[in-house]
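Before any comments, here is the structure.
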Amino acid sequence: MGQTVFEPWNDPDAKPLIQFKNVTKRFGDFVAIDNQSFDIYEQEFFALLGPSGCGKTTMMRMLAGFETPTEGTILLGGQDIAPIPPNKRAVNMMFQSYALFPHLSIWENIAFGLKRDNMPKDKIDARVAEMLKLTRLEQFAKRKPHQCSGGQRQRVALARSLAKAPKLLLLDEPLGALDAKLRQDTQFELMDIQEKTGTTFVIVTHDQEEAMTVASRVAVMDHGKIIQADTPARIYEMPNSAYVADFIGDVTIISGTATPAGDGYDIAFAEGQPILHAKSDIQLAKAQSCHLAIRPEKVAITAEKPADAANALQGKILDIAYLGNLSTYHVELANGQVVKSQTANTRRLSRRSFTWEDEVWLSWTDTAGVLLKE
Ligand code: ATP
């Protein structure tokens with residue numbers, strides 16, 4: 001995507017590739033997708049993220065044509081896709097199981113859809129060669145799937161899905177079968193291939209980090225609704241709700257009541273605890289319930305009370321999660337609220353300055369937290 005910022009969703013002239021218009025999907029009385037309207041743009045890498053049963057797969061299956069909306073319309077390139085059968089859509093789906101043909105070679109697997117479409121032989125040869133090159137599988141062309149590693153099979157599936165140059169590729173847990181290390185490498189490969197082909201990718205994943213790594217936008221879903229669809233950075237830094245803040249990454253959520261003060265709010269959250277301060281643009285009435293979401297890496301932990309921190313709270317270390325380069329301290333305040341603080345381990349573990357039961361101070365600036373409506 002080079003130096004230019006790729007944000008077609010902010011461009012009023014950009015034409016969406018996919019448009020959901022008031023789409024509802026019901027199974028009997030059960031509402032799986034609840035009146036959703038949103039756009040996905042050409043060349044986007046769009047990730048659907050959310051807890052099990054929130055409707056991610058249903059969303060994909062409607063795009064692929066395996067399910068039809070109960071209400072509303074889905075447009076692809078401005079055209080209603082409802083009357084177009086799945087095999088006639090410029091959409092392909094790559095399944096987690098890859099569904100490769102075991103008796104066919106890698107070359108034949110990739111060529112399969114092209115042959116079925118009666119593409120001339122020389123064109124098939126050229127296209128398969130191009131796909132093998134793209135996915136770095138040239139030397140595996142003659143092998144059968146069982147003679148390939150998991151990562152190679154994943155690339156074959158990708159090559160086969162992209163061979164017919166679909167406008168849209170749907171990927172259901174594409175890296176689910178790979179182990180953690182290979183999964184990471186393959187994420188970058190996937191992004192690279194997506195960028196090279198310019199195909200729009202919609203991916204379903206359970207793995208938040210994966211979604212945050214590969215996607216141009218992440219849609220966080222809950223109970224058949226997209227709660228927030230935004231860039232990974234904004235999802236992380238500017239979640240629109242306690243649900244999204246809590247779903248993505250580690251966070252402490254302090255619930256209290258807000259009182260307007262200066263260019264933000266004073267937040268009272270527990271008897272005997274100091275008033276917190278947060279700058280914010282959101283509109284809250286006096287004494288309105290609110291949540292303050294604070295990422296652990298924005299909370300400093302010290303033995304002494306910091307001199308002029310906007311927010312400083314005292315507590316006792318309840319738990320320490322040691323993650324090699326990082327430590328996360330779980331600190332319990334007198335009212336029982338637990339606040340997390342994460343620090344980089346620049347010293348060796350033996351010199352770690354805090355341990356269980358230590359009385360410590362936690363502090364953060366008035367811009368460190370995100371203030372959210374209840
Ligand atoms: P997971 O992460 O577990 O795959 P998901 O977010 O993909 O979950 P969906 O598969 O889209 O969830 O399912 C959404 C809801 O719709 C679930 O509660 C599921 O039980 C229900 N559902 C899906 N397909 C059907 C069906 N054919 N008949 C009845 N209910 C269905």
Side-chain angles (χ1 to χ4, degrees), residues 1 6-9 11 14-21 23 25 33 36-50 55-69 72-99 110 112-114 116-117 119 127 130-131 134-135 154-176 187 189-205 210-211 214-219 221 226 229 231:
M1 287 162 207
F6 177 74
E7 292 191 344
W9 50 89
D11 176 358
K15 290 216 169 56
L17 178 68
I18 300 159
Q19 289 168 284
F20 275 66
K21 290 186 181 289
V23 173
K25 177 68 187 178
I33 299 297
Q36 292 299 285
S37 297
F38 65 95
D39 297 339
I40 300 176
Y41 292 84
E42 225 159 272
Q43 299 187 24
E44 262 209 84
F45 202 138
F46 193 86
L48 294 167
L49 194 61
K56 305 180 294 289
T57 309
T58 304
M59 208 83 115
M60 293 275 254
R61 289 176 58 81
M62 286 194 291
L63 276 170
F66 305 138
E67 300 281 1
T68 47
T73 335
I74 303 172
L75 307 180
L76 179 73
Q79 273 198 316
D80 186 351
I81 58 174
I84 309 170
N87 61 335
K88 292 280 185 290
R89 298 181 183 194
V91 178
N92 209 341
M93 183 148 175
M94 189 183 121
F95 296 95
Q96 189 187 339
S97 60
Y98 308 152
I110 299 172
F112 188 83
L114 306 175
R116 211 175 39 184
D117 282 2
M119 190 188 257
R127 186 65 184 160
E130 194 184 339
M131 289 299 106
L134 180 72
T135 50
Q154 195 275 341
R155 302 209 304 268
V156 177
L158 192 60
R160 192 181 59 177
S161 315
L162 289 169
K164 285 168 72 174
K167 280 207 178 88
L168 173 64
L169 182 61
L170 306 170
L171 303 114
D172 187 5
E173 293 279 349
L175 310 181
Q187 283 169 9
E189 215 166 73
L190 201 61
M191 291 159 73
D192 191 45
I193 289 172
Q194 191 265 343
E195 217 178 305
K196 276 190 186 134
T197 59
T199 314
T200 303
F201 279 19
V202 176
I203 181 176
V204 162
T205 173
E210 183 159 291
V214 298
S216 55
R217 277 193 302 166
V218 173
M221 294 184 63
I226 293 180
T231 60

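Quantities reported herein were computed from a predicted structural model and do not represent experimental measurements. Every heavy atom of this structure was used, including side-chain atoms; hydrogens, water molecules and symmetry mates were not.
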For Gln79, look at atom CD and say whether over 12 heavy atoms of other residues, nucleotides or ligands are found less than 6.0 Å away. no
Between Gln194 and Gln43 (side chain of the first, backbone of the second, donor and acceptor by atom type, cut-off under 3.5 Å), is there such a pair? yes
Taking Gln36 for the side chain and Ile226 for the main chain, is one N or O donor matched with an acceptor at less than 3.5 Å? yes
Would a 4.5 Å heavy-atom cut-off, applied to side chains only, mark Gln154 and Leu190 as touching? yes
If we check side-chain contact (heavy atoms from CB on, under 4.5 Å) with Ser161, which of these qualifies: Ile110, Leu169, Val156? Leu169
Residues forming a ring pair (Phe, Tyr, Trp, His ring centres under 6.0 Å) with Phe20, sequence neighbours excluded: Phe38
So, for Pro86 and Gly65, which heavy atoms are closest and what is the spacing to 0.1 Å? CG-O, 3.4 Å
Closest heavy-atom pair, Met60 versus Val202, reported as atoms and distance to 0.1 Å, is CE-O, 3.6 Å
Are Leu17 and Ile40 side-chain neighbours, meaning at least one heavy-atom pair lies under 4.5 Å? no
Quick one: list whatever passes salt bridge (Lys or Arg N to Asp or Glu O under 4.0 Å) with Glu42, sequence neighbours left out. none
Expected output: side-chain Arg155 to main-chain Thr135 donor-acceptor under 3.5 Å: yes
For residues Phe45 and Ile203, determine if any side-chain heavy atom of one lies less than 4.5 Å from a side-chain heavy atom of the other. yes
Closest non-hydrogen contact found for Met59 with Ile33 is SD-CD1, 3.7 Å
Student check: side-chain heavy atoms of Leu162 and Met131 closer than 4.5 Å: yes
Report yes if some heavy atom in the side chain of Pro174 is under 4.5 Å from a heavy atom in the side chain of Leu158; otherwise report no. no
Checking Lys21 side chain against Ile74 main chain: does a donor-acceptor pair fall under 3.5 Å? no
Backbone N or O of Leu75 within a donor-acceptor pair of the Asp80 side chain at under 3.5 Å? no
Chi angles and distances behind the side-chain contact (heavy atoms from CB on, under 4.5 Å) call for Phe46, Thr200: CA-CA 8 Å; Phe46 193 86; Thr200 303; 5.9 Å; no
Give me the atom names and distance for the closest heavy-atom approach of Pro69 to Val23. CB-CG1, 3.8 Å
Are Glu210 and Leu175 packed together at the side-chain level, in the sense that at least one heavy-atom pair is separated by less than 4.5 angstrom? yes
Arg89: which residues meet the side chain to side chain contact (heavy atoms under 4.5 Å, CB included) condition with it, sequence neighbours left out? Ile81, Ile84, Val91
I'd like to check Leu168 versus Asn92 (side-chain heavy atoms, cut-off strictly below 4.5 Å). Are they in contact? no
Return the NZ to CD distance between Lys56 and Glu173, rounded to the nearest 0.5 Å. 7.5 Å
As an exercise, state the distance from CD of Glu195 to CE of Met191, rounded to the nearest 0.5 Å. 7.5 Å
Minimum heavy-atom distance between Leu48 and Met221, given as atom pair plus value: CD2-SD, 4.0 Å
Between Lys196 and Leu134 the two heavy atoms that sit nearest each other are CD-CD1, 3.9 Å
Step by step, would you call Glu7 with Asp11 a side-chain contact (heavy atoms from CB on, under 4.5 Å)? CA-CA 7 Å; Glu7 292 191 344; Asp11 176 358; over 6 Å; no
Please determine, by modelled atom types, if Glu44 and Ser216 share a side-chain donor-acceptor pair under 3.5 angstrom. yes
Who passes side chain to side chain contact (heavy atoms under 4.5 Å, CB included) against Phe95, sequence neighbours left out? Phe66, Met93, Ser97
With a 4.5 Å limit on heavy-atom distance, are the side chains of Tyr41 and Arg217 in contact? yes
Could I get the full list of side chain to side chain contact (heavy atoms under 4.5 Å, CB included) partners for Pro85, not counting sequence neighbours? Asn87, Lys88
With sequence neighbours left out, which residue pairs that include part of residues 160-170 fulfil the salt bridge (Lys or Arg N to Asp or Glu O under 4.0 Å) condition? Asp117-Lys164
